[in-house]
Amino acid sequence: MPVPTDHSPPEWDAIILGAGPAGAALARRLRPRHRVLLLDRPQARASGAQRIGESLPGAAHMLLRRLGIHDSFLAQGHAARGAMVSQWDSEAPTWFDPIRDPHGAGWHLDRMRFDASLRAAAIEAGAILVDSARHLTASFDAGRWQVDFECDGPLCRTHRAPVLVDATGRSMAAARQLGLARCGKDRLICLYAHLPVDECDEDHSTRICADSNGWWYSVRVPAGQRVLAFHLDGDDSELKALRDPARLLAKARRHQLLAAIQPAVMDFPVHAQPAGGGGLDPGALARLPEGFFAIGDAMLSFDPIASQGLFNALATAESAGRAIERYIDGANDARESYLTEMRAVAARYGQRLDETYAAVSRYSHQLFWQRRAPHSRRTGLLNH
Ligand SMILES: Cc1cc2nc3c(=O)[nH]c(=O)nc-3n(C[C@H](O)[C@H](O)[C@H](O)COP(=O)(O)OP(=O)(O)OC[C@H]3O[C@@H](n4cnc5c(N)ncnc54)[C@H](O)[C@@H]3O)c2cc1C
């Protein structure tokens with residue numbers, strides 16, 4: 001790590017805010033050639049609590065190989081993705097076997113282990129991680145990005161670098177501090193629970209159902225539980241009542257595909273998490289001083305129906321890593337080429353998302369689905 005010779009702040013090649021999958025992957029990608037400081041806030045998660053977001057497509061094989069962590073990833077005990085069965089526009093179940101995916105079936109992750117292993121891989125590559133950073137502020141001064149924070153160890157106060165990366169997920173903490181706003185105000189909420197499973201539950205398929213005011217998914221995860229998740233609007237009058245485990249389960253079990261879900265006990269907590277897609281406007285980002293990048297959910301967060309957030313975290317780490325290396329080597333167009341790529345990803349994603357929601361015609365008269373019709377999305381009906 002850089003040691004200051006006088007009272008000037010330590011200098012790095014890149015400071016990355018956020019040590020989630022995107023930030024950790026980028027930190028590993030930039031080492032050993034560059035000096036990297038990786039910052040995260042103290043984690044409030046209670047021990048044993050699970051994170052939602054566990055499906056990783058087979059296309060991630062290539063990205064894990066490029067990070068040099070493919071073999072260790074395969075040894076971590078993630079489960080191969082089973083078939084997907086959905087009742088989307090009709091009560092007739094439609095099956096898809098991911099074995100037909102040319103990239104391979106993909107995985108259902110032990111999410112906590114996956115996130116922790118990426119952080120460990122960043123540290124192993126030589127990035128310095130401070131995971132107790134509080135009161136972070138970012139500013140640009142005399143051609144350098146400056147980050148100030150408090151923390152538990154000796155590394156506090158001020159650090160400087162030509163490159164600053166926002167990898168703080170949906171909170172896009174650095175970008176917001178610098179005056180950027182989130183585009184796309186879809187107030188989708190995910191209500192979810194990790195159910196203690198019954199011994200007889202040997203089903204490994206992913207089950208997806210449309211409902212009149214939202215959509216469901218359920219899958220078993222390698223950590224042993226079954227995820228049950230319902231996505232609905234933040235202003236839905238049923239939202240509060242569905243925080244009750246019995247009510248959530250009863251509503252789910254009205255669907256044929258979810259009727260057999262039977263948790264071993266009923267006192268599981270139901271969590272609520274914002275889940276709407278959105279992200280930064282690449283044009284606004286391009287107007288910030290040079291050397292500022294955003295990756296993962298901070299750049300573009302996906303509606304969970306896309307199941308692409310983790311792949312996007314790894315892919316943007318790869319693309320931004322390439323752009324940052326070119327920028328440090330003096331290329332003037334490095335950030336703009338990265339942003340051009342992000343515009344293309346956002347356009348493809350938007351089109352696929354419109355098609356996915358528009359496919360549910362059986363509930364097209366219901367507010368949840370009307371708000372997600374392509375016309376409403378364009379005219380801002382989601383800004384409710
Ligand atoms: C309901 C739901 C279901 C999902 N399901 C899937 C799925 O099946 N498959 C899939 O691929 N994706 C899924 N996702 C998305 C996936 O979880 C995210 O895309 C992924 O976590 C993005 O990684 P990231 O590193 O960009 O952000 P994050 O994982 O959010 O990491 C951000 C990091 O930044 C840190 N941070 C935040 N603010 C600050 C701050 N002020 N200072 C310092 N550090 C900060 C956080 O502590 C965190 O460690 C789902 C998301 C939701 C909401």
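None of these values were measured; they are calculated from a predicted model. Order of listing sets the numbers, starting from 1, for every ligand and every atom in it. Residue numbers count from 1 along this sequence. Values below: all heavy atoms of this structure, side chains included; hydrogens, waters and symmetry mates excluded.
Between A133 and ligand 1, a contact under 3.5 Å exists for no N or O pair. Not one N or O of Q273 is nearer than 3.5 Å to an N or O of ligand 1, by distance alone. In terms of N/O distances under 3.5 Å, ligand 1 is not approached by D115. Taking any N or O of Y217, backbone or side chain, none lies under 3.5 Å from an N or O belonging to ligand 1.
Around CD of Q146, the count of heavy atoms belonging to other residues, nucleotides or ligands within 6.0 Å exceeds 12. Atom CZ of R134 is surrounded by more than 12 heavy atoms from other residues, nucleotides or ligands within 6.0 Å. Within 6.0 Å of the CZ atom in R157, the count of heavy atoms belonging to other residues, nucleotides or ligands does not exceed 12.
Checked against side-chain hydrogen bond (donor to acceptor under 3.5 Å, both in side chains), R111 has the following partners two or more places apart in sequence or in another chain: D115.
Taking each of Q177, R51, R111, R119 in turn, the one with a heavy atom nearest to atom 16 (C) of ligand 1 proves to be R111. With distances taken over non-hydrogen atoms, the option nearest atom 32 (C) of ligand 1 out of A294, A22, A167, G18 is A167. The closest heavy-atom contact to atom 9 (N) of ligand 1, among the options S55, P304, G309, comes from S55.
A cation-pi arrangement is present between R372 and F368 under the rule of less than 6.0 angstrom and at most 45 degrees off the ring axis.
Within the structure, side-chain hydrogen bond (donor to acceptor under 3.5 Å, both in side chains) contacts touching residues 14-29 (residues at least two apart or in different chains) are R28-E124, R29-E325.
Of the protein's non-hydrogen atoms, the one nearest atom 47 (O) of ligand 1 is D40 OD1, 2.7 Å.
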